[in-house]
Amino acid sequence: MQTQTTISIILKDGSKKEISAGSTGLDLAKAISNSLAKKSVGLLLNGELKDLISALHDGDKVEIITQDDPRSFEYLRHSTAHILACAVQNLFKGSKIANGPAIENGFYYDFEIPEHQLKPEDLPKIEKEMQRIIDEDYSFVKVSVDNSDKQIQEFKSSGEKFKAENLEEHKHHNPTLYVLQKDGKTVWNDFCRGPHIATSKQVKAFKLLSISGAYWHGDENREKLQRIYGTSWWSKEALDDHLQKLEEAEKRDHRKLGRQMELFSMQDESGPGLILWHPALAYLRKEMEDYWKELHLQNGYEMVYTPHIAKSDLWNISGHNEFYKENMFYMTVDEQDYVLKPMNCPFHVLIFNTTRHSYRELPIRMAELGTVYRYERSGVMHGLARVRGFTQDDAHIFCRKDQYVEEIKGVIKLVDLIYKGFGLHYSAELSTKPKDAIGTKEIWEFAESGLEQALKEYGLEYKVNPEDGAFYGPKIDFKLKDALGRIWQGATIQLDFNLPERFKLHYTDKDGTQQQPVMVHRAIYGSLERFAALLIEHFAGSFPLWLSYKQVVVLPISDKHLEYARKVESMLKEKNIRVEVDDRAESLNAKIRDAEMNKIPYMAIVGDKEASENNISVRARKKGDLGKVPLNSFAEQLSKEIKEKTI
RNA sequence: GCCGAAGUAGCUCAGUGGUAGAGCAACGGUUUUGUAAACCGUAGGUCGUCAGUUCAAAUCUGAUCUUCGGCUCCA
């Protein structure tokens with residue numbers, strides 16, 4: 001009898017497991033339980049994601065990644081991308097493969113395909129070939145490249161120039177190939193770091209979604225590539241859920257709802273990226289603005305208004321002409337150059353600088369709903385979310401160093417307060433000093449630690465984005481999460497060391513010396529346009545009562561009830577409720593249907609019974625009949641809902 | 001800006017070289033309706049724009065504008 005050598009593995013929970021030497025991760029999973037082995041996908045081996053069949057060594061720390069672990073998608077999707085690449089190369093002779101990573105919710109692969117432009121009709125054909133590869137049950141086998149130069153030559157001779165270039169770049173990082181193999185026969189290979197699933201059959205549910213262009217290494221001077229996007233899941237159910245979510249997102253698309261609900265438009269005559277706010281969305285904006293102004297005035301801000309254009313001189317001082325030139329609209333009047341403002345800050349600084357300031361006056365908080373114009377490249381515009389003219393809910397705080405932390409806390413409080421009114425959840429991120437920053441090390445330290453202190457004292461969780469701040473100062477960004485779990489850019493708080501210097505901002509301190517104030521830029525909605533887009537998609541157009549254009553529609557059962565309907569209307573109008581009567585000669589069912597389609601929160605249905613009892617039958621959007629309610633209590637209930645901003 | 005796709009009635013879409021279509025919306029009439037579409041009729045389009053090919057162009061070609069999917073960039 002031979003003595004079996006064993007090795008000791010440290011599991012996730014810190015416990016140790018003895019297994020026989022030469023075991024793989026899969027063996028370890030089997031040794032723990034069969035059901036675990038079935039769900040196992042890969043390993044976190046000493047902190048790195050590795051193939052499930054990686055060999056284990058004595059003392060390794062191992063966490064088994066199962067299908068329940070979100071990290072398992074990296075394996076699945078990246079492997080599905082490889083199957084896609086193999087399928088495309090089988091179908092389109094001479095195709096060269098570039099890169100194919102897993103991305104959020106899916107994957108893509110980039111190809112150079114000579115003499116064929118991919119069309120949507122190609123996707124089902126490619127899917128079929130992928131399914132064939134999956135059904136063949138090929139193994140993903142990792143092969144280390146011992147002679148990089150020889151392998152590069154091989155890639156080059158088979159025309160795989162992108163693989164050759166990738167390998168050249170990584171030749172000193174223990175390069176590996178992944179090959180698709182069956183019965184020891186290799187059918188396909190790619191230069192790849194991995195990790196992968198074990199066999200192609202593990203791909204249970206995938207779909208190719210779209211085609212687009214891309215460049216090798218994202219560089220428009222390099223080769224043009226064709227990209228295929230897809231998604232891949234562990235089960236058909238999960239795939240269907242995901243596809244349904246995509247469908248739901250499409251239904252909620254603010255551009256689509258914008259047309260359907262007549263919220264806004266952009267027109268050829270007025271130009272791209274320039275929004276016409278139609279009455280329904282203008283009402284929502286008015287509510288956003290009123291709410292904003294009310295909270296800002298309550299929280300020590302002062303309102304200012306500044307022009308839309310300014311002489312070029314201003315932008316020379318601010319530095320915009322130097323750093324922001326390609327984003328600005330220019331015009332010449334009376335031989336004088338003017339610029340359409342891309343930011344409000346220089347104007348606020350001018351207001352600050354009009355008089356001398358005492359340390360006693362600070363902080364000064366100057367707020368403006370300022371409309372700015374930025375030249376955006378033609379391909380980047382997107383509905384209300386990315387435009388050329390937009391209104392920032394901008395404010396600048398000029399304060400002393402000793403007031404700085406409190407001021408930041410005040411802004412965080414205001415952000416919290418405002419988002420509450422919309423029922424939105426958010427998270428915070430702190431971005432620190434980038435490489436090409438201006439300002440001394442001391443001032444950056446002061447600024448960053450101040451932001452951090454404010455976040456901590458406020459008790460807000462945050463993530464740090466190292467080196468992601470603006471060149472002129474660090475910032476806190478707020479990310480908003482919508483009803484579908486998608487992330488939107490929200491509020492931002494930025495320190496600025498640049499403008500106080502350029503505009504020579506001063507205040508007179510206690511001891512009579514001239515000191516430079518700290519300047520904070522901050523916006524909470526960010527852009528009213530983009531925030532409106534967020535609200536449209538978050539609520540799928542069914543806005544809460546306080547944000548609805550039409551809050552109530554009165555539906556008379558027949559013409560006989562028009563008189564009473566008008567009475568209901570004027571009574572609600574007196575209470576400042578936005579109401580109208582549907583007096584069309586349509587059936588009640590048709591009126592209800594139209595009101596539902598127009599996403600009006602409440603319907604007040606009135607007929608003989610209601611008129612005689614001085615009440616109404618209430619029907620709520622999407623909820624249906626709520627029964628009869630006295631007119632007065634209905635009005636009171638709505639007023640309360642509006643006042644409390646009930647979601 | 002770059003790559004690719006698309007643009008037909010207010011909206012959603014059909015129409016692949018030979019007289020521009022449907023549904024919904026609009027308008028007129030009939031119906032007077034009890035919780036998601038009553039019925040009949042009328043009107044509405046230089047087929048994004050400009051050139052070209054052709055006896056003939058929504059349809060083929062080119063340019064241009066806009067939109068969409070990406071790349072890049074960003075509030």
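Below, read A as the first sequence line, B as the second, and so on, with proteins coming before strands; counting in each chain starts at 1.
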Under 4.0 Å, counting only non-hydrogen atoms across every strand here, what does [X] touch: a base, just sugar-phosphate, or nothing?
X: A:Ala585; value: base
X: A:Gln494; value: nothing
X: A:Ser617; value: base
X: A:Ala590; value: sugar-phosphate

Tabulate below the donor-acceptor pairs under 3.5 Å that side-chain atoms of residues 259-269 of chain A make, not counting sequence neighbours, or state none.
from, atom 1, to, atom 2, distance (Å)
A:Ser265, OG, A:Gln267, NE2, 3.0
A:Ser265, OG, A:His278, NE2, 2.8

Check: residues 547-555 of chain A side-chain donor-acceptor pairs under 3.5 Å, at least two apart:
from, atom 1, to, atom 2, distance (Å)
A:Ser548, OG, A:Phe543, O, 3.1
A:Ser548, OG, A:Pro544, O, 3.3
A:Lys550, NZ, A:Glu580, OE2, 3.2
A:Gln551, OE1, A:Arg578, N, 2.8
A:Gln551, NE2, A:Leu545, O, 3.0

Under 3.5 Å, is there an N or O donor on one side and an acceptor on the other linking the side chain of [X] and the base of [N]?
X: A:Arg593; N: B:U35; result: no
X: A:Gln226; N: B:G70; result: no
X: A:Arg222; N: B:C71; result: no
X: A:Glu376; N: B:A75; result: yes
X: A:Arg619; N: B:A36; result: yes

Strictly under 3.5 Å: I want the nitrogen or oxygen pairs between protein and nucleotides 5-13 of chain B, one per line.
from, atom 1, to, atom 2, distance (Å)
B:U12, OP1, A:Arg259, NE, 2.9
B:U12, OP1, A:Arg259, NH2, 3.3

Rounded to whole Å, the NZ-P distance (A:Lys224 to B:U72) equals 17 Å

Using atom [atom1] of each nucleotide, how far apart are [N] and [M] to the nearest Å?
N: B:C11; M: B:G45; atom1: C1'; value: 14 Å
N: B:U49; M: B:C65; atom1: P; value: 15 Å
N: B:G21; M: B:G44; atom1: P; value: 13 Å
N: B:U59; M: B:A63; atom1: P; value: 16 Å
N: B:U31; M: B:C68; atom1: P; value: 47 Å
N: B:U66; M: B:U30; atom1: P; value: 49 Å
N: B:A22; M: B:A14; atom1: P; value: 16 Å

Comparing A:Asp559 with A:Ser212, nearest RNA chain B nucleotide closer to 5' gives the residue A:Asp559

Residue pair A:Ala214/A:Ile605 against RNA chain B: nearer the 5' end by closest nucleotide is A:Ile605

- request: Run the numbers on A:Lys475 and A:Glu429 for salt bridge (charged side-chain N to carboxylate O under 4.0 Å, His left out), then give the verdict.
  value: CA-CA 8 Å; A:Lys475 60 176 180 172; A:Glu429 295 179 2; over 6 Å; no

Aromatic ring pairing A:Tyr373/A:His308, orientation class (parallel under 30°, perpendicular over 60°, tilted between):
tilted

Could you please name the option among [options] that lies closest to any side-chain atom of [X]?
X: A:Leu588; options: B:A38, B:U32, B:U33; result: B:U33
X: A:Arg227; options: B:U32, B:A36, B:G70; result: B:G70
X: A:Arg530; options: B:A36, B:A75, B:G1; result: B:A75

| request: Taking the six-membered ring for Trp and the single ring otherwise, decide whether the centroids of A:Tyr109 and A:Phe107 are under 6.0 Å apart. | output: no

- Query: Just wondering, are more than 12 heavy atoms of other shown residues or ligands nearer than 6.0 Å to CD in A:Gln244?
  - Reply: no

For A:Phe471, does the six-membered ring have the charged nitrogen or CZ of A:Lys433 within the cation-pi criterion, i.e. under 6.0 angstrom from the centroid and within 45° of the normal?
no

Tell me whether A:Lys341 forms a cation-pi arrangement with A:Phe347, defined as NZ or CZ under 6.0 Å from the six-membered ring centre and within 45 degrees of its axis. yes

